[in-house]
Amino acid sequence: MNFTWEKTNEKDFVTFNKWHMEAIFKAGKEQDPITKYLAPKTVLLGNVIRMLTGEKSDLKWESLTAKLNGDAVGFVVFSSETKLENNFPILQLNIEVIAVNPSCVGKGVGTAMIFDIVKNKERFFGSKIDKLSAKIERENSPSQNAFLKNGFLKTSNEFSYLFDKYVLDCKKELPSKSFELSEAIKETLQYCLKHKNKEK
């Protein structure tokens, strides 16, 4: 695996809030990507994730944090559901939210996070997953590309005119690492080494 994955905790929520505040500060008059795709400026990202995954939430969503050298670099919020497909029950894992530290965007971290989830889904989620699903805003091309590189297919715009649905059928043979995915993982490891050397 490219990352150490841990259940998201209070310290992580504080870190996600810092990411959001830094992104707002850096964007100036422009809209930062966290506010654009994940959380409004009035409620910081960590607080949103706490509300979605906390004990008081009715959603039953869970969150895992991806770490490199002990530092959070991203997280994924997921839910699961049993659906009937051709009169057979299947377990579908829905990736509800996936985010990367804004300072890591463009370094292959998001693609490598999805790669870890796909390759280690049973280890993470403790059940045999038949399908993985994500809904992605049509304007969010970096996120779309990260899922496509991992073998997801765009299937519909059933959610609304703003979103498309991306699905990976785990019963089919999973794609081998493409050149782009290999490069993304290599970039992630390079980031990891660079970050480690800065701390020395």
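Since this is a predicted model, take the numbers as computed values, not measurements.
The cluster map of Ile, Leu, Val, Met, Phe, Trp and Tyr, joined by side-chain heavy atoms under 4.5 Å apart, puts Phe78 and Met51 in different clusters. When the side chains of ILVMFWY residues are joined at heavy-atom separations under 4.5 Å, either directly or via intervening members, Val14 and Ile24 end up in two distinct hydrophobic clusters. Trp61 is connected to Val43 through a chain of hydrophobic side-chain contacts under 4.5 Å among Ile, Leu, Val, Met, Phe, Trp and Tyr, so both are in one cluster. Follow the hydrophobic side-chain contacts under 4.5 Å out from Val76 and you reach Leu91 in the same cluster.
Taking both residues in full, the closest heavy atoms of Val118 and Lys121 are given as O-NZ, 3.2 Å, listed atom of the first, atom of the second, then distance. A pairwise comparison of heavy atoms in Lys7 and Asp12 identifies O-OD2, 4.0 Å as the closest pair. Counting all heavy atoms, side chain and backbone alike, Phe124 lies closest to Ile117 at CE1-CA, 3.6 Å. Closest approach of Leu148 to Lys154, counting heavy atoms only: CD2-N, 4.5 Å. Scanning both residues, Val48 and Ala39, for their nearest heavy atoms gives CG2-CB, 3.7 Å. Looking at every heavy atom in both residues, Asn150 comes nearest to Ala146 through ND2-O, 2.9 Å.
Contact of the Leu132 side chain with the Cys170 side chain is registered, since non-hydrogen atoms from C-beta on lie closer than 4.5 Å. Val105 places none of its side-chain heavy atoms less than 4.5 Å from the side chain of Pro142. Looking at heavy atoms from C-beta onward, Ile49 lies in side-chain contact with Val77 at the 4.5 angstrom threshold. Side-chain atoms of Leu153 and Val167, non-hydrogen and from C-beta on, never get closer than 4.5 Å to each other. Between Phe13 and Thr8 the shortest side-chain heavy-atom distance falls below 4.5 Å. When side chains are defined from C-beta on, Phe3 counts as touching Val109, because their heavy atoms get closer than 4.5 Å. Side-chain contact between Thr65 and Phe16 is present, with heavy atoms from C-beta onward closer than 4.5 Å. Side chains of Lys67 and Asn69 form no contact here, defined as non-hydrogen atoms less than 4.5 Å apart.
For Lys128 and Glu122, the salt-bridge test fails: no basic side-chain N is under 4.0 Å from an acidic carboxylate O.
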Please step through side chain to side chain contact (heavy atoms under 4.5 Å, CB included) for the pair Val97 and Leu38, ending with a clear verdict.
CA-CA 8 Å; Val97 181; Leu38 300 172; 3.7 Å; yes
Please lay out, stage by stage, how Leu64 and Glu6 fare under the test side chain to side chain contact (heavy atoms under 4.5 Å, CB included).
CA-CA 5 Å; Leu64 293 174; Glu6 299 173 5; over 6 Å; no
From CA spacing to verdict: ring pair (Phe, Tyr, Trp, His ring centres under 6.0 Å), Phe152, Tyr166
CA-CA 6 Å; Phe152 284 72; Tyr166 289 75; 7.7 Å; no
Given salt bridge (Lys or Arg N to Asp or Glu O under 4.0 Å), test Glu139 with Lys36 step by step and report yes or no.
CA-CA 10 Å; Glu139 292 181 19; Lys36 186 172 183 180; 3.3 Å; yes
Carefully, step by step, assess Asp116 and Trp5 under the rule side chain to side chain contact (heavy atoms under 4.5 Å, CB included).
CA-CA 9 Å; Asp116 271 6; Trp5 290 85; 3.2 Å; yes
Would Phe147 and Leu168 count as a side chain to side chain contact (heavy atoms under 4.5 Å, CB included) here? Give the steps.
CA-CA 9 Å; Phe147 280 93; Leu168 179 67; over 6 Å; no
Side-chain polar contacts of residues 82-90 - donor-acceptor pairs under 3.5 angstrom, sequence neighbours left out - could you list them?
from	atom 1	to	atom 2	distance (Å)
Glu85	OE1	Lys131	NZ	2.7

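Atom-to-atom distance recorded for Ile95:CD1 and Ser79:OG is 10.0 Å, nearest 0.5 angstrom. Annotation: the span from Tyr37 atom OH to Gln31 atom CD amounts to 8.5 Å, rounded to 0.5 Å. Between atom CD1 of residue Ile98 and atom CD1 of residue Ile136 there is a gap of 9.0 Å, rounded to the nearest 0.5 Å. With rounding to the nearest 0.5 angstrom, the CG atom of Asp71 is 8.5 Å from the OG1 atom of Thr15. From Cys104, atom SG reaches atom CG of Leu68 across 7.5 Å, with rounding to the nearest 0.5 Å. The OG atom of Ser80 sits 7.5 Å away from the CD atom of Glu62 when rounded to the nearest 0.5 Å.
For residues 47-60, the set of pairs meeting the side-chain hydrogen bond (donor to acceptor under 3.5 Å, both in side chains) definition, not counting sequence neighbours, comprises Glu10-Arg50, Asn17-Asn47, Asn47-Arg50.
Applying the side chain to side chain donor-acceptor pair (under 3.5 Å) criterion to Asn120, with sequence neighbours excluded, gives no partner residue.
The main-chain N or O of Pro102 is never found under 3.5 Å from a side-chain atom of Glu22 such that the two would form a donor-acceptor pair. Judged by distance alone, with hydrogens and angles left aside, the side-chain atoms of Asn94 form no donor-acceptor pair with the main-chain N or O of Glu96 at under 3.5 Å.
Inspection of the Gln92 and Asp130 side chains reveals no N or O donor paired with an N or O acceptor under 3.5 Å. Under 3.5 Å, the side chains of Asp32 and Thr35 contain a donor-acceptor pair of N or O atoms.
Partner of Trp19 under the side-chain contact (heavy atoms from CB on, under 4.5 Å) criterion, out of Val73, Ile34, Leu44: Ile34 alone.
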